[in-house]
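Nothing fancy with the numbering, it's 1 onward along the sequence. Bear in mind that the values here come from a model prediction, so they are computed numbers and not experimental data.
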Amino acid sequence: MEENLVKISFLGDIMCELPLLKASKIGRNEYNFDKVFANVTDIFKESDYIVGNLETICAGEELELTKHLFSFNTPESFITSIKKSGIDMVTTATNHSLDRGIEGLIKNLDLLEKHQLKAIGTYRSLEERNEVFIEEFDDMKVAFLNYTYGTNAHINGVKLEEDERFHVNLMKPQDKELDKYYQKQKPKNMKQIVARYLFKIISLKTWISIKKRLGLQYYTAYQDNDLDDIDSTYLEQIRQDIRKAKEKADLVIMCMHSGGQFHPEPGQYSKYMMKFMNENGVDIVVGNHPHVVQRFEVFNKGMFGAYSLGNFSISPSSVYVLPDNLPEYSIMLHAYLSKKEKKIDKMTFSILKIVEFEDGSLTVYPVDELIKELKSEQGRNKLKKDVTTIYNKFTGLNERIITIKREYALTKGVNIGKS
């Protein structure tokens with residue numbers, strides 16, 4: 001790599017669901033997740049700085065480890081493995097930030113700090129929240145911001161009071177999520193009453209499994225097309241945070257947690273927020289949450305925006321996962337920044353794939369290394385076909401077949417970044 005360039009890389013959703021949790025248990029109250037990261041350590045070493053999206057909290061067993069399909073708490077050893085792999089910082093403002101309430105949020109941050117893994121997006125104090133997170137690469141300063149559309153309040157019922165909002169960087173109010181939660185607590189019709197009692201008898205996982213066996217629709221891909229709850233107060237806070245970051249840093253990178261799920265196209269809300277970030281001077285937006293790869297876009301002010309990098313480590317065998325849009329693949333996005341000129345030099349990407357084993361354990365491969373492991377021609381051809389699909393999804397191109405490579409050029413000849 002050129003001495004003048006710094007390579008910052010971004011990963012998709014780092015998740016630990018029930019199959020992986022069960023497979024990673026090695027003894028009573030002991031877990032080891034090193035296998036997940038074993039095949040990406042070399043590609044991680046090629047970057048100067050790596051950012052991952054931590055799509056779970058790690059808050060200790062006293063707050064109960066993951067049992068529910070959509071409410072997560074992962075053992076501390078998950079952080080150990082993340083840190084050991086070479087990841088430098090994680091974003092923690094996700095829809096799972098409050099899966100174990102404010103107490104869990106704080107314990108998660110305490111454990112991240114204990115393992116010297118930097119984090120942004122959730123905070124223990126107002127002072128922490130108001131401090132701009134900046135990394136320095138020689139004389140170049142890069143500011144990182146992280147916000148989430150919501151906190152799964154419709155599932156966990158955790159409401160942040162006004163004097164508690166500093167704990168999570170939110171892009172909009174929790175009101176709509178909380179309304180759904182309260183409606184579940186006080187069912188108004190027979191269908192809602194039956195559903196409430198049904199889920200006291202059987203788990204959501206079991207219910208989805210039954211529907212799958214019967215050939216019924218068990219989950220639906222959707223977009224975030226609701227613009228009704230856009231709130232000027234929340235937007236103004238983001239605007240102020242960007243302004244403060246721009247005053248203190250040469251470049252501003254926004255990690256944005258928003259979108260529908262399993263849908264290949266971004267929804268209206270994510271598009272709206274991308275335009276908002278562009279208008280307010282963000283240099284790069286890295287999106288996560290939809291659980292499949294979505295496209296990137298270069299905006300009129302030169303901002304680079306990736307709507308969704310997909311899943312770094314989802315469990316493909318989880319009963320709700322929709323396989324249609326290849327959720328086992330993700331983008332590892334690379335930003336090459338010029339330290340001398342203090343701007344984006346180029347953007348590139350690598351493609352990663354999750355390989356899940358029969359026991360529920362999994363490991364993640366760069367596709368150029370995975371193809372060497374595949375013994376059958378059929379397996380190699382399938383990988384080439386999938387890689388071409390992911391390449392086209394992310395770039396918006398329509399290539400017939402893509403050669404499997406370590407890294408793909410993305411913005412050659414594209415007007416991106418500061419002029």
Test: Lys141 and Asp250 ion pair at under 4.0 Å: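 So Lys141 does not pair with Asp250 through a salt bridge.
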The side chain to side chain contact (heavy atoms under 4.5 Å, CB included) partners of Tyr272 (sequence neighbours excluded) come to Leu227, Ile230, Leu235
Sequence-distant partners of Thr389, side chain to side chain contact (heavy atoms under 4.5 Å, CB included), two or more places apart: Leu326, Lys393
Under the salt bridge (charged side-chain N to carboxylate O under 4.0 Å, His left out) rule, collect the residues that match up with Glu265, sequence neighbours excluded.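 Glu265 satisfies salt bridge (charged side-chain N to carboxylate O under 4.0 Å, His left out) with Arg295 only.
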Can you list everything that forms a salt bridge (charged side-chain N to carboxylate O under 4.0 Å, His left out) with Asp226? Sequence neighbours excluded, please. Lys176
Taking the inter-plane angle between the rings of [X] and [Y] on a 0 to 90° scale, is it parallel (under 30°), tilted (30 to 60°) or perpendicular (over 60°)?
X      : Y      : result
Phe304 : Phe296 : parallel
Phe78  : Phe33  : perpendicular
Tyr149 : His289 : tilted

Side chains of [X] and [Y] in contact at under 4.5 Å (non-hydrogen atoms):
X      : Y      : result
Tyr408 : Thr348 : no
Val90  : Leu117 : yes
Met277 : Ile242 : yes

Among Leu11, Ile14, Val36, the one residue meeting side chain to side chain contact (heavy atoms under 4.5 Å, CB included) with Ile82: Ile14
From the options Asn325, Ile314, Val321, select the one residue that forms a side chain to side chain contact (heavy atoms under 4.5 Å, CB included) with His291.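 The single option meeting the side chain to side chain contact (heavy atoms under 4.5 Å, CB included) with His291 is Ile314.
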Between Tyr49 and Phe144, is the gap from one ring center to the other below 6.0 Å?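 Close enough - the centres of the two rings lie under 6.0 Å apart.
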Can the ring centres of Tyr218 and Tyr320 be said to be less than 6.0 Å apart? no
Which side-chain N or O atoms in residues 20-29 pair as donor and acceptor under 3.5 Å with protein atoms at least two apart or in another chain?
residue : atom : partner : partner atom : Å
Ser24   : OG   : Leu20   : O            : 2.7

Partners passing ring pair (Phe, Tyr, Trp, His ring centres under 6.0 Å) against Phe312 (at least two apart in sequence or in another chain):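 Phe37.
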